[in-house]
Amino acid sequence: MNAFLTSRWSYAALLLVCGGLLGFGLFLEHVRGLEPCPLCVFQRLAFMATGVVALVALLHGPGRVGGLVYACLVFITSITGATIAGRQVWLQHLPADQVPACGPGLDYMLEVFPLQEVLQMVFSGSGECAEVQWRFLELSIPEWSLACFAGFIILAVMQWLAFRKTTAT
């Protein structure tokens, strides 16, 4: 298992999973007509960031130190994505009377408000982020995103431990 974790194959697998998830998100948006809410867009950005780290690591073929750095970067991008997805899952499980009102669209917010205000408004959530538009095996899209990010976090920790072990010897 350590050989896989410290090889380019683990980065290739991570890149393929991120690409598949982003592709499926685009399918849901453009083919099925599901409009992503602001938190969904930020989850996509976290998947992209994780995929970019995996792509760079795949092309680089890191040694021990590089492997530790890439594992930390995957951990950071995945924790960020898990936090965003967790916030949306929390919003989706609020009682109907506690769901925040719908806010303006992300495009409008980016045009009108400074970035810091936009981020604050997005992460406070709004009504459209609490709406469940699609389910698979009884889980909503953000619940699946949270599960994927949790898997990426586990992979990053396992990679870090594997590279750390090879560094120590």
Side-chain angles (χ1 to χ4, degrees), residues 1 4-62 66-94 105-107 109-110 115 118-119 121-163:
M1 184 62 156
F4 174 78
L5 292 172
T6 58
S7 74
R8 289 182 176 192
W9 288 108
S10 64
Y11 299 114
L14 182 59
L15 178 61
L16 285 173
V17 171
C18 286
L21 291 168
L22 289 167
F24 187 67
L26 291 173
F27 166 80
L28 289 175
E29 178 180 356
H30 297 289
V31 176
R32 299 283 307 269
L34 302 180
E35 191 66 33
C37 74
L39 289 177
C40 292
V41 171
F42 280 102
Q43 287 170 63
R44 285 185 187 180
L45 291 173
F47 281 127
M48 283 185 225
T50 304
V52 166
V53 171
L55 175 63
V56 172
L58 174 65
L59 296 174
H60 177 218
L68 290 168
V69 170
Y70 289 125
C72 288
L73 291 173
V74 167
F75 182 83
I76 290 167
T77 59
S78 298
I79 282 288
T80 302
T83 302
I84 296 166
R87 174 71 177 171
Q88 189 170 3
V89 167
W90 177 76
L91 285 169
Q92 288 183 342
H93 287 87
L94 281 175
L106 184 59
D107 292 337
M109 288 190 289
L110 287 171
L115 183 60
V118 171
L119 292 175
M121 287 188 287
V122 166
F123 289 116
S124 66
S126 62
E128 68 264 16
C129 293
E131 180 184 338
V132 177
Q133 298 183 37
W134 183 86
R135 287 188 181 275
F136 178 69
L137 298 176
E138 297 302 317
L139 295 178
S140 66
I141 295 170
E143 289 169 332
W144 280 108
S145 291
L146 183 57
C148 290
F149 283 122
F152 296 168
I153 291 166
I154 292 167
L155 174 67
V157 169
M158 290 173 63
Q159 283 181 320
W160 189 83
L161 291 172
F163 276 109

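As the structure is a prediction and not an experimental result, all values here were calculated from the model.
A salt bridge (Lys or Arg N to Asp or Glu O under 4.0 Å) check over residues 43-56, counting only residues at least two apart or in different chains, returns the pairs E29-R44. Pairs of residues two or more places apart, or lying in two chains, never qualify as salt bridge (Lys or Arg N to Asp or Glu O under 4.0 Å) while including a residue from residues 144-158. Contacts classified as side-chain hydrogen bond (donor to acceptor under 3.5 Å, both in side chains) and involving residues 45-55 (residues at least two apart or in different chains) are given here: T50-T77. The list of salt bridge (Lys or Arg N to Asp or Glu O under 4.0 Å) pairs with a residue in residues 66-81, not counting sequence neighbours, is empty. The salt bridge (Lys or Arg N to Asp or Glu O under 4.0 Å) analysis of residues 13-23, with sequence neighbours excluded, yields no pairs.
Between the CD1 atom in I79 and the CD1 atom in I84 there is a gap of 11.5 Å [rounded to 0.5 Å]. Rounding to the nearest 0.5 angstrom, the gap separating the CZ atom in F47 from the CZ atom in F24 is 12.0 Å. In this structure, the separation between SG on C148 and CG on L155 is 12.5 Å, given to the nearest 0.5 Å. From T83, atom OG1 reaches atom CZ of R87 across 11.5 Å, with rounding to the nearest 0.5 Å.
The heavy-atom pair separating F149 from A46 by the smallest distance is CZ-CB, 3.7 Å. When all heavy atoms of F75 and I153 are compared, the pair lying nearest together is CE1-CG2, 3.6 Å.
V89 is linked by a side-chain contact (heavy atoms from CB on, under 4.5 Å) to H93, P142, E143, L146, counting only residues two or more places apart in sequence or in another chain. Considering only residues two or more places apart in sequence or on other chains, L59 meets the side-chain contact (heavy atoms from CB on, under 4.5 Å) condition with L55. Residues passing the side-chain contact (heavy atoms from CB on, under 4.5 Å) test with L73 are V53, V69, Y70, sequence neighbours excluded. A search for side-chain contact (heavy atoms from CB on, under 4.5 Å) contacts involving A54 returns L14, L15, not counting sequence neighbours. Looking at residues two or more places apart in sequence or on another chain, you find a side chain to side chain donor-acceptor pair (under 3.5 Å) between S145 and Q43.
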Would you check, one step at a time, whether the test side-chain contact (heavy atoms from CB on, under 4.5 Å) holds for F42 with L45?
-> CA-CA 5 Å; F42 280 102; L45 291 173; 3.9 Å; yes
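Contact check for Q159 versus Y11: side-chain heavy atoms found under the 4.5 Å cut-off.
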